[in-house]
Amino acid sequence: MNTTTDKPRVVIPIAVSPDKSPIEPPPDADPELVSLYEAHKKIYPRSVQGFFSHWRWAMVWLTQILFYGLPWLEWGQRQAVLFDLGARRFYIFGLVLYPQDFIYLTGILVISAYSLFLFTAVAGRLWCGYACPQTVYTEIFLWLEKLAEGDRSARMRRDAGPWNAQKMGRKAGKHAMWLGVALVTGFSFVGYFTPVRELAGAFAHWQLGSWEIFWTFFYAFATYGNAGFMREQVCKYMCPYARFQSAMFDKDTLIVTYDAERGEPRGARSKKADPATLNLGACVDCSLCVQVCPTGIDIRKGLQYECIGCGACADVCDTVMDKVGYARGLVKYSTENAINQHWTRSQTLRHVLRPRVLVYVAILAAAVIAMAVSLTLRIPFKVDVVRDRGALARIAEGGRIENVFRLQIMNATEATQQFHISVSGMPGLEVVSENDVQIASTEARWVAVRVQGPMEGTEGAAPGSHTIHFEIKAQGNVGTVVEKAAFIVPR
Ligand code: SF4
Ligand code: SF4
């Protein structure tokens with residue numbers, strides 16, 4: 001139990017003198033009551049329409065069509081995107097990746113990181129405001145909440161009012177819809193790791209494995225909790241990105257900004273009143289920008305770390321400006337320099353393309369090109385060679401030395417491939433076992449390979465370990481892989 005929520009703690013600041021002994025507060029000083037716990041105030045964001053809101057909904061549709069739809073897409077004989085952890089294969093459209101392809105995951109992470117740096121340097125928390133799953137699911141859950149319980153004021157009235165049948169019905173309807181979306185989300189997530197059609201059948205007959213049950217309900221629970229209840233608290237207290245974003249901002253980063261010079265002094269006025277004669281700025285102090293804010297902050301206080309850059313306040317302020325007949329853009333995407341130096345839009349955009357941004361673009365372009373080239377030139381099979389520990393070097397028939405190796409050949413294509421195995425590195429060395437191998441599509445197979453070489457003598461090698469090379473060639477000029485191994489010649 002958190003006792004800090006029950007009553008505020010009495011805090012008496014203790015000062016320390018230069019000789020490190022505490023300085024007692026004066027006897028007549030009143031102890032100050034300071035609560036170290038700020039009770040969470042529920043935020044009721046008002047719905048908003050406008051340019052940025054339309055973009056956010058476009059991103060909601062795009063990301064969710066991709067997320068929910070991709071597992072159902074077929075590619076050849078299989079699911080287009082499937083991360084089969086059990087078989088240790090990732091299928092991404094025609095690409096079959098093995099654990100040995102870890103470098104591509106590194107490449108994707110590097111590209112994602114630099115994209116984030118670039119977008120943040122250009123326009124602040126674009127990811128947070130438009131594409132982050134927390135924002136996207138909160139937007140969906142808010143929409144469902146509005147459907148069941150009405151907009152902000154109706155929800156606030158209902159929450160403050162007594163429980164009755166109507167309130168219970170609406171709340172139950174909202175939670176049922178939230179749970180439905182959460183479960184579909186959990187199911188879709190697991191559908192990336194288990195073939196989704198089999199998963200749907202298993203769900204219908206309730207024949208799910210423990211792994212599928214755990215992850216479906218865990219992911220659903222996380223979605224329900226984060227988008228339904230935690231909302232802005234995830235952004236404010238849990239997400240590490242909110243903490244280091246300021247390191248990526250500078251005075252030429254586009255951020256949602258209130259033009260204080262134009263807006264202040266703020267104040268209510270009649271629509272017909274002339275603000276100049278009333279000595280008022282453009283802000284009519286309607287507080288709508290605060291009411292629409294999903295994190296409950298007031299953009300007029302300047303940039304705050306809670307701001308996720310969603311632009312909702314800019315949208316609503318534009319509608320207010322339209323109503324009172326003032327120019328739009330009192331709250332807008334702009335830069336600190338542009339606001340302070342009264343730059344035009346084109347001047348602002350010119351400064352956005354600064355050296356730091358160009359460096360990010362260059363690194364990002366290099367990473368994307370390197371990844372594309374590497375994927376294009378990738379040989380579509382892999383080979384691992386290990387010595388057969390059960391059979392060390394032995395003298396074979398005819399007095400030749402024989403070593404046995406095990407080759408794992410991994411076919412990284414969706415078609416059967418034929419391979420020819422040869423060996424080099426010592427005079428007279430040859431593969432004496434079957435050296436033509438067929439591997440089915442996306443299969444990996446261990447092949448025992450017997451290699452023989454002459455005894456020490458005229459053409460034989462001296463006793464010891466000798467480096468040799470296996471050459472595994474795929475038919476049809478698909479490519480050749482050369483792998484190193486050690487051939488042991490006994491004394
Ligand atoms: S919405 Fe615009 S006019 Fe209304 S309080 Fe906010 S900044 Fe002022
Ligand atoms: S201050 Fe404006 S941009 Fe920032 S989170 Fe609130 S509504 Fe979104």
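Indexing begins at 1, ligand by ligand and atom by atom, following the structure's order. Numbers here are sequence positions counted from 1.
Using a 4.5 Å heavy-atom threshold, the side chains of Met410 and Gln100 count as touching.
Ligand 1 lies within reach of Arg300, whose nearest heavy atom is under 4.0 Å from it.
Glu264 and Tyr258 share a side-chain donor-acceptor pair at under 3.5 Å. Residues Tyr192 and Gln79 bring no donor and acceptor atom of their side chains to less than 3.5 Å of each other. Between the side chains of Thr253 and Arg354, at least one donor N or O lies within less than 3.5 Å of an accepting N or O.
Of all the heavy atoms in Cys286 and Val320, the pair that sits closest is SG-CG2, 3.9 Å.
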Identify every side-chain donor-acceptor pair in residues 366-381 under 3.5 Å, counting partners at least two apart or on other chains, and give the distances.
residue, atom, partner, partner atom, Å
Ser374, OG, Tyr104, OH, 3.1
Thr376, OG1, Ala372, O, 2.6
Arg378, NH2, Val96, O, 2.6
Arg378, NH2, Asp101, OD2, 3.2

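Within the structure, ring-ring contact (aromatic ring centres under 6.0 Å, His included) pairs that include any residue of residues 275-332 do not occur (at least two apart or interchain). For residues 307-316, the set of pairs meeting the salt bridge (charged side-chain N to carboxylate O under 4.0 Å, His left out) definition, not counting sequence neighbours, is empty.
Among protein heavy atoms, atom 3 (S) of ligand 1 sits closest to Val284 N, 3.5 Å. Protein heavy atom in closest approach to atom 8 (Fe) of ligand 1: Cys283 SG, 2.3 Å. Among all non-hydrogen protein atoms, the one lying nearest atom 2 (Fe) of ligand 1 is Cys317 SG, 2.3 Å. Protein heavy atom in closest approach to atom 4 (Fe) of ligand 1: Cys286 SG, 2.2 Å.
Listed by chain and number, the protein N, O or S atoms at a distance under 2.8 Å from atom 2 (Fe) of ligand 2 are Cys313 SG.
We find that Lys174 and Glu145 are joined by a salt bridge, their nearest charged nitrogen and carboxylate oxygen being less than 4.0 Å apart.
Of the heavy atoms in Ser287, only backbone atoms (N, CA, C, O) come closer than 4.0 Å to ligand 1.
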